[in-house]
Amino acid sequence: MMEERPLRILLVGDYLDDARLGSAKVSHKLREELSSLGHHCDALFSDALGAVPRGRQVRQLVAPVLAARAIARAMGSVSYDVVDAASAEGLWLGIQKRAGRFRNTAFVCRSNGLEHLNYARMLDDARMGLTTKPFTRRIWYPASRLSQVALAARVADRLLLLNEMDRQYALEHNWHPPGRIDVVSHGVSDRFLQNAPTDEGRGAGMLFCGAWDHVKGIAYLVDAWVRLARRGAGVPLTILGPGVPAERVLAAFPEHVRPHVTVIDRVPEDRVIEEYRRHDALIFPSTYEGFGLVVLEAMSQGLPVIATPVGCAAHLVVPGVTGLVVRPRDGSGLADAVMTLASDHAGRQRLGANGRAAVAGMTWRKTAEQTVDTYVRALAQKS
């Protein structure tokens with residue numbers, strides 16, 4: 001289902017305008033593809049919402065108000081058909097629509113990962129002793145942020161999610177009926193699918209690609225490499241794009257493990273592709289993900305994946321077919337999986353080839369087309 005006339009679309013999210021990073025990268029890729037499909041697409045990031053307040057807790061509380069003001073300013077110049085706002089940032093737009101304003105604009109609430117499920121992950125981290133979660137924080141965050149996220153989802157014309165787990169949560173909590181929730185996967189750029197990778201340049205060991213944060217399972221990554229060292233297996237590990245100084249990453253590993261660890265700062269997309277093609281497997285030990293774009297990107301490059309069943313990995317990584325699956329928070333299981341692939345060259349080739357074939361049709365163009373279908377349904381629903 002595609003709309004015949006071009007749409008005027010506004011993407012909104014309170015995150016930094018950096019095309020290399022998660023949610024912002026999605027906005028940049030969508031805007032590029034939506035424009036190439038003939039639609040008019042603008043985007044508002046944190047700088048457009050306002051530089052202050054900067055404190056995270058206060059910022060989360062007022063972000064919907066900041067976003068509403070930025071959306072109103074943008075609507076003064078362009079009469080948008082669709083506002084696609086992430087998380088709680090569309091809350092006041094949805095409330096205003098219920099009150100009769102912006103009648104000709106559809107509001108799609110986008111989740112790049114449900115904050116409610118990520119919050120449950122944070123509580124698990126606290127129980128595991130990885131972080132602290134004071135009692136005041138356990139009250140403030142659900143009351144100030146999670147309640148706004150849930151309300152924004154409910155007042156939207158449609159809800160757009162990234163995975164089936166998030167969809168089930170939304171259904172169980174009565175955010176929307178099934179017919180008003182869409183699950184649309186991310187994609188990869190055309191350059192990821194050009195020039196099929198070969199096995200000749202590999203041999204650099206294992207690759208971890210992502211922020212150095214507990215949501216990415218870094219404690220279990222470190223634990224796995226400590227276990228590997230105890231077994232006398234010095235498996236090389238590259239940490240790509242941690243978003244923190246290399247010294248902080250290396251300090252997480254015992255001194256005797258550090259010689260096996262290399263840290264590379266955030267790099268352009270072409271260099272990321274090179275790293276996918278240089279390494280032997282992607283390590284993805286996340287404890288929660290909205291999607292996990294690095295899994296899709298790695299598989300597109302014929303790189304087998306060792307992953308926990310979260311985000312897109314839950315359906316893309318088929319055990320023994322496109323990769324290996326380990327339980328979340330299991331450093332021992334992760335070490336075993338690394339040992340299995342590190343010693344099986346033919347197995348890595350087979351898993352990598354199967355993975356590349358499995359994701360061959362998952363492009364940003366397809367994501368954009370499916371997203372437009374969501375917009376069209378939202379506009380029809382609004383009418």
Side-chain angles (χ1 to χ4, degrees), residues 15-26 28-29 186 188-189 191-192 194-195 197-226 228-229 233-286 289 291-308 311 313 323 331 334-335 337-338 341-342 348 352 355-356:
Y15 26 79
L16 294 176
D17 183 6
D18 188 334
R20 300 170 300 174
L21 303 180
S23 298
K25 181 176 184 176
V26 173
H28 277 275
K29 294 297 184 183
H186 291 335
V188 295
S189 305
R191 67 178 68 178
F192 279 86
Q194 296 169 352
N195 303 321
T198 66
D199 202 50
E200 294 178 0
R202 301 201 185 275
M206 305 297 157
L207 176 68
F208 171 91
C209 185
W212 195 248
D213 187 279
H214 281 302
V215 69
K216 303 298 183 182
I218 58 174
Y220 308 99
L221 178 72
V222 172
D223 181 44
W225 253 257
V226 171
L228 289 169
V235 181
L237 171 65
T238 299
I239 310 292
L240 175 61
V244 299
E247 294 77 14
R248 178 175 165 184
V249 175
L250 293 172
F253 293 85
E255 189 171 353
H256 68 284
V257 179
R258 293 173 197 168
H260 305 296
V261 182
T262 302
V263 182
I264 301 176
D265 201 358
R266 287 171 178 157
V267 294
E269 194 169 72
D270 287 343
R271 173 68 185 281
V272 173
I273 293 174
E274 289 179 14
E275 296 302 326
Y276 287 142
R277 295 187 174 200
R278 197 168 66 87
H279 286 82
D280 302 313
L282 179 79
I283 310 299
F284 186 78
S286 293
E289 288 284 347
F291 188 76
L293 185 57
V294 296
V295 170
L296 174 56
E297 291 180 344
M299 291 174 69
S300 76
Q301 300 310 298
L303 186 65
V305 179
I306 300 173
T308 50
L334 183 59
V338 170
L341 276 194
R348 294 198 306 270
R356 179 172 168 82

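For R278 and E275, the salt-bridge test passes: some basic side-chain N is under 4.0 Å from an acidic carboxylate O. The pair E297-K25 meets the salt-bridge criterion, since a charged nitrogen lies less than 4.0 angstrom from a carboxylate oxygen.
For the pair N195/R277, a side-chain contact is recorded, criterion being any heavy-atom separation below 4.5 Å from C-beta on. At a threshold of 4.5 Å between non-hydrogen side-chain atoms, the residues R271 and I264 count as touching. Side-chain contact check for D17 versus H28: some heavy-atom pair is nearer than 4.5 Å. Looking only at side-chain heavy atoms (C-beta outward), P242 and R248 stay at 4.5 Å or farther from each other. For the pair V26/Y15, no side-chain contact is recorded, criterion being any heavy-atom separation below 4.5 Å from C-beta on.
The shortest heavy-atom contact between S189 and K29 is OG-NZ, 2.8 Å. Pairing each heavy atom of A307 with each of V305, the nearest pair is CB-CG1, 3.7 Å. In terms of heavy atoms, D270 sits closest to R191 at OD1-NH1, 2.7 Å. The minimum heavy-atom distance between D223 and G331, with the atom names listed, is OD2-CA, 3.3 Å. Here the shortest heavy-atom pairing between P197 and G302 reads CG-N, 4.1 Å. The shortest non-hydrogen separation linking A204 to T238 is O-OG1, 4.5 Å.
Note that the CD1 atom of I283 and the CD1 atom of I239 stand 9.5 Å from one another [nearest 0.5 Å]. The distance from atom NE2 of H279 to atom CZ of R202, rounded to the nearest 0.5 Å, is 10.0 Å. Atom CD of Q301 is separated from atom CG of L296 by 10.0 Å, given to the nearest 0.5 angstrom. If you take CG on L282 and OH on Y276, they are separated by 6.5 Å, rounding to the nearest 0.5 Å.
Using modelled atom types, no side-chain atom of W225 and backbone atom of P254 make a donor-acceptor pair closer than 3.5 Å. In this structure a side-chain-to-backbone donor-acceptor pair under 3.5 Å is present from R356 to S300. Between the R348 side chain and the L341 main chain, a donor and an acceptor come within less than 3.5 Å of each other. Looking at R266, its side chain never comes within 3.5 Å of a backbone N or O of L240 through a donor-acceptor pair.
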Got a list of side-chain donor-acceptor pairs under 3.5 Å for residues 207-222, not counting sequence neighbours?
unit_1: D213; atom_1: OD1; unit_2: V215; atom_2: N; d: 2.9
unit_1: H214; atom_1: NE2; unit_2: L130; atom_2: O; d: 3.4
unit_1: K216; atom_1: NZ; unit_2: E289; atom_2: OE1; d: 3.4
unit_1: K216; atom_1: NZ; unit_2: E289; atom_2: OE2; d: 2.7
unit_1: Y220; atom_1: OH; unit_2: R329; atom_2: NH1; d: 3.0

